[in-house]
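Worksheet: one structure, shown below.
Note: hydrogens, waters and symmetry copies are ignored here, and every other heavy atom, side chains too, is used.
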Amino acid sequence: MSSIYNKIYDFCKVRNLGSCLNNGQEKTNRVKFIERLLTSEGISYYIDEFSIHNTDNKYFNIIIEGNSSNMVIAHHDICNPNIDNANDNSASIINLIALKKLLPNLRVVFTDGEEFGGIGSNRLSEQINNGDFGNIEYVLNVELSGIGGRNFFIGDYPGKLSDKIVSMFNCPIFRTPYNDSVTIRKNGIDSVVINPLPIDLDGVSNLIHNGVPLNTKILFNCHTPKDTVDKISIEDMKVFTEEVLYEILK
């Protein structure tokens, strides 16, 4: 299982031509990489291709089906095509592929267009509400999961899923910027974003989990050349996936 986490290094070498607004008609390089990885891991999937506003630009949600009433998602699109996009959000894609191998019945979706207002999550919400996936109790949205391990926060999105995670891990709740959970909740579906963080070695952070301050400064690396793969911890990815996500979704 540990080898799957090392795929983050290959994934971060992949460059799209631009943001999701520049997809055109063809699958992006990142989508093609995910397809190859899923195939090599023996995980079946399909691509939901769609357009909005009658444009020629296509979006690509990657659907990995299962029998669970729980769904976990992570966005695969990027804002800056010239950087690794390691923590935002390549690590989460790799982690959820590893999680699917641990929980074969889990429903997993990789959304497109998160960086531009939740294009893919809005499409997904419509499908959930139409009953395309049967009964979905909640959607856990995984963001920036390349470092932090068991130390994490969840977004300030009250509901049964939030209550469940807090009761299990006594984690802090943090006011987050936009993410796919915002769109999903707007469509009447229970959803929470979860985000691990490394320890704040300066010890000045007010965000505390497991008795240690969490470094929120890393959140500002998103979309910048600082979001590099050398800042990712393979061990933290494994711990977060197998000791946090697994426990929430099993």
Side-chain angles (χ1 to χ4, degrees), residues 7-35 37 47-53 55-62 72-97 108-125 139-148 153 155 174-186 191 193-198 215-232 237:
K7 297 298 183 180
I8 184 67
Y9 297 111
D10 295 328
F11 195 16
C12 287
K13 294 176 183 177
V14 178
R15 296 288 188 267
N16 283 356
L17 299 179
S19 73
C20 65
L21 302 180
N22 306 110
N23 284 351
Q25 293 288 303
E26 301 296 326
K27 297 173 184 174
T28 68
N29 291 330
R30 285 171 62 84
V31 168
K32 292 176 182 177
F33 177 90
I34 295 169
E35 284 191 289
L37 183 54
I47 304 292
D48 176 29
E49 298 185 10
F50 62 97
S51 299
I52 61 173
H53 307 313
T55 67
D56 292 331
N57 193 63
K58 286 186 176 180
Y59 300 91
F60 305 92
N61 281 356
I62 303 173
V72 62
I73 68 172
H75 75 88
H76 67 73
D77 66 301
I78 50 89
C79 180
N80 185 342
N82 302 312
I83 62 174
D84 287 352
N85 293 289
N87 204 32
D88 183 22
N89 200 26
S90 298
S92 298
I93 299 296
I94 301 299
N95 287 343
L96 294 196
I97 293 174
V108 180
V109 178
F110 300 136
T111 60
D112 202 353
E114 187 270 352
E115 299 287 7
F116 289 85
I119 295 168
S121 57
N122 191 62
R123 166 82 166 191
L124 178 64
S125 297
V139 178
L140 181 63
N141 179 27
V142 181
E143 284 272 10
L144 283 66
S145 60
I147 188 168
F153 69 83
F174 188 68
R175 183 68 61 87
T176 66
Y178 175 82
N179 61 84
D180 274 337
S181 284
V182 174
T183 294
I184 292 170
R185 289 176 65 86
K186 182 183 70 175
S191 184
V193 63
I194 187 169
N195 188 159
L197 287 174
N215 182 4
T216 59
K217 294 178 182 177
I218 195 172
L219 300 174
F220 296 96
N221 289 347
C222 297
H223 309 163
T224 77
K226 293 182 179 180
D227 189 8
T228 52
V229 73
D230 62 292
K231 296 184 177 71
I232 297 302
M237 289 172 61

Next on the checklist: Any non-hydrogen side-chain atom of Val193 less than 4.5 Å from a side-chain atom of Asp180?
Outcome noted: no
Item to check | Non-neighbouring partners of Lys7 that pass side-chain hydrogen bond (donor to acceptor under 3.5 Å, both in side chains), sequence neighbours left out | outcome: none
Checklist entry - With sequence neighbours left out, what residues match Tyr178 under side-chain hydrogen bond (donor to acceptor under 3.5 Å, both in side chains)? => result Thr183
Checklist entry - Under 4.5 Å between any side-chain heavy atoms of Glu49 and Lys27, yes or no? => result yes
Checklist entry - Is any side-chain heavy atom of Val31 less than 4.5 Å from a side-chain heavy atom of His76? => result yes
Item to check | Pair Ile232-Met237, side chain to side chain contact (heavy atoms under 4.5 Å, CB included): steps then yes or no | outcome: CA-CA 8 Å; Ile232 297 302; Met237 289 172 61; 3.4 Å; yes
Item to check | Heavy-atom check, side chain of Phe11 versus side chain of Ile34, under 4.5 Å | outcome: yes
Checklist outcome for this item: With sequence neighbours left out, the residues meeting ring pair (Phe, Tyr, Trp, His ring centres under 6.0 Å) with Phe60 are none
Checklist entry - Of all heavy-atom pairs between Asp227 and Asn87, which one has the smallest distance, and what is that distance? => result OD1-N, 2.7 Å
Item to check | Close side-chain approach of Thr28 and Asp112, heavy atoms under 4.5 Å | outcome: no
Next on the checklist: Run the side-chain hydrogen bond (donor to acceptor under 3.5 Å, both in side chains) test against Asp48 and tell me which residues pass, sequence neighbours left out.
Outcome noted: Arg123, Gln127
Checklist entry - If you measure from the Lys or Arg side-chain nitrogens to the Asp or Glu carboxylate oxygens, is any gap between Asp84 and Arg15 under 4.0 Å? => result yes
Checklist outcome for this item: Residue set satisfying ring pair (Phe, Tyr, Trp, His ring centres under 6.0 Å) with Phe110, at least two apart, ordered chain then number -> none
Checklist entry - Within a strict 4.5 Å, meaning less than it, do heavy atoms of the Ile8 and Ser90 side chains meet? => result yes
Item to check | Worked verdict on Asp88 versus Glu115 for side chain to side chain contact (heavy atoms under 4.5 Å, CB included) | outcome: CA-CA 10 Å; Asp88 183 22; Glu115 299 287 7; 3.2 Å; yes
Checklist entry - Got a second to check how far Asn179's CG is from Arg185's CZ, nearest 0.5 Å? => result 10.0 Å
Checklist entry - Of all residues at least two apart in sequence or in a different chain, which pass the salt bridge (charged side-chain N to carboxylate O under 4.0 Å, His left out) check with Asp77? => result none
Checklist entry - Roughly how far, to the nearest 0.5 Å, is the CD1 atom of Ile62 from the CG atom of Leu96? => result 11.5 Å
Checklist entry - What residues, two or more places apart in sequence or in another chain, satisfy side-chain hydrogen bond (donor to acceptor under 3.5 Å, both in side chains) together with Ser92? => result Asn89, Ser145
Item to check | 4.5 Å side-chain heavy-atom contact, Asn195 and Leu219 | outcome: yes
Next on the checklist: Just to verify, what does Ser19 make a side-chain contact (heavy atoms from CB on, under 4.5 Å) with, not counting sequence neighbours?
Outcome noted: Leu21, Asn22, Phe116
Checklist entry - With Leu17, which residues qualify under side-chain contact (heavy atoms from CB on, under 4.5 Å), at least two apart? => result none
Item to check | Under the side-chain contact (heavy atoms from CB on, under 4.5 Å) test, residues paired with Glu26 that sit two or more places apart | outcome: none
Next on the checklist: Is there a side-chain contact between Asn95 and Val142 in this structure, where contact means two heavy atoms from C-beta onward sitting under 4.5 Å apart?
Outcome noted: no
Item to check | Lys186: side-chain contact (heavy atoms from CB on, under 4.5 Å) partners, not counting sequence neighbours | outcome: none
Checklist entry - Between the side chains of Asn141 and His75, does any donor sit under 3.5 Å from an acceptor? => result no
